[in-house]
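Indexing begins at 1, ligand by ligand and atom by atom, following the structure's order. Atoms considered below: every heavy atom in the structure, side chains included; atoms not considered: hydrogens, waters and symmetry mates.
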Amino acid sequence: MRKYFKKLPRKLREVISQASGVSQETRLPAYLVGGCLRDLILGVKNLDLDIAIEGNGIIFAQHLAQKLKSSLRIYERFGTATLILSDGLKVDIATTRQEKYPYFAALPEVSPGSLKEDLKRRDFTINAMAVSIAVDKEQKIIDPFGGQDDLASGRIRVLHNLSFKDDPTRIFRAIRFSRRFDFKIERKTLALLKQAISEGWLAKVNPHRIRVELIAILKEQNPFKPIKELGDLGALSFISTKLKIDKSTRALFKSISKQIAWFIKNFPARRQPDSWLVYFTALLAPLTLARMNLLISRLGLRKGEAKRVISYYRELDKLISSLSKKHLLPKEIFSLLEPLSYETIILVSATTPNKNFKKYLTDFLKVYNGMRLCVCGSDLGGLGVLPGPEYQKIFAKVLTAKLNGQVRNRQTEMALIRKLVRDK
Ligand code: CTP
């Protein structure tokens, strides 16, 4: 296993070495588990560490946080904790546990368990392996279900026949992993997956859990393929029966992906757009506004996310007709686009081939977006203007002049303010 550890970035190796020390001091056996071990074996970059502790994960996390001087979030009820390191690296620590499903598709009842029991409760063989992080001896991978073989031959396989009924969100996960790694879903697993869909088990899951898996899929590098596959299997009808995944969805997803890449390349310092939200909004196109609102509340999207989705559909017609015109003034472009989120702007841009439109969007993002004045209230106060509606009027005029390129810096803004106050 040491050969795999060697491939990790230095920072992660340091964390593992400190964790190994804590494991020795506290006598709490610690293991790398789940997706992080899977990716380590595959040689895929994964900057999060998942550590499972036999005994008490929270005590372990407290010791490790002290050593690493990192911040610590504790979830007492679940026996888990998350360390966030200064450079954003995340270490998830969990007490090993066993899970029992009181009935299919319910949240499991959780109790402490051995490492073996912890591996047994997991979704797929490739995610059900562990390796001790003790560095004093050569460690073997603990692999009770043949995960290494499945990794080597590119197979997604469940651990037992009831896996998709216990947790139907694994239907989404199976498709996501198989597309991400270009793996095949093993024959029997695929039959069980199809059976779980046709028996309607997804309808019994809390929709918030489906949202989590849907978002994870839309965050993938290429979300179209897994979404299409889920659509073909009939799994998306549990989100909405109106969703339609076809050739035009493929083209739209491609165009969105290009726009997002363009945005990130050209505006690295801006807030990075939530790419999943852009794809999600695009998927809702066949729904009426009323159905969208219903779905959004059923899935439990946050307020800000819901607002961005809905505002796209509310503004779309107005935006297309206004922005397709020739010769819009900068202040008109500004007032149309400034209230919109980057996600909305990206989606509008991805859906329209109109050249004027593209130019306005580029001008907006490159020049006008977030444009601020150099002058402020005290400058107006200094000229004897009392705070009130007059302030706003003057500032709006100066901003328009700035958008039109008539003033450029504090000096010219001040000159204009003086003139406006004089002519009042
Ligand atoms: N897991 C599971 N069943 C689920 C969700 C998670 O068994 N419904 C287990 C899997 O062993 C998984 C681990 O919990 O590896 C961590 O889950 P998560 O972080 O969602 O997945 P990762 O495998 O880390 O995948 P990703 O690379 O997408 O983060």
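Of the N and O atoms on the side chains of Asn46 and Arg38, not one donor lies less than 3.5 Å from an acceptor on the other residue.
A centroid separation of 6.0 Å or more is found between the aromatic rings of Phe364 and Tyr368.
Proximity of a side-chain donor or acceptor of Thr400 to a complementary backbone N or O of Ala396 within less than 3.5 Å is detected. Looking at Ser322, its side chain does come within 3.5 Å of a backbone N or O of Lys318 through a donor-acceptor pair.
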request  = Take Arg170 and Asp123 through the salt bridge (Lys or Arg N to Asp or Glu O under 4.0 Å) test and state the conclusion after the steps.
outcome  = CA-CA 7 Å; Arg170 290 176 177 165; Asp123 50 4; 5.1 Å; no
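The 4.0 Å heavy-atom shell around ligand 1 contains residues Gly34, Gly35, Arg38, Arg122, Asp123, Asn127, Asp167, Thr169, Arg170, Arg173, Arg176, Phe177, Arg180, ordered by chain and number.
For Glu186, the salt bridge (charged side-chain N to carboxylate O under 4.0 Å, His left out) test picks out no residue, with sequence neighbours left out.
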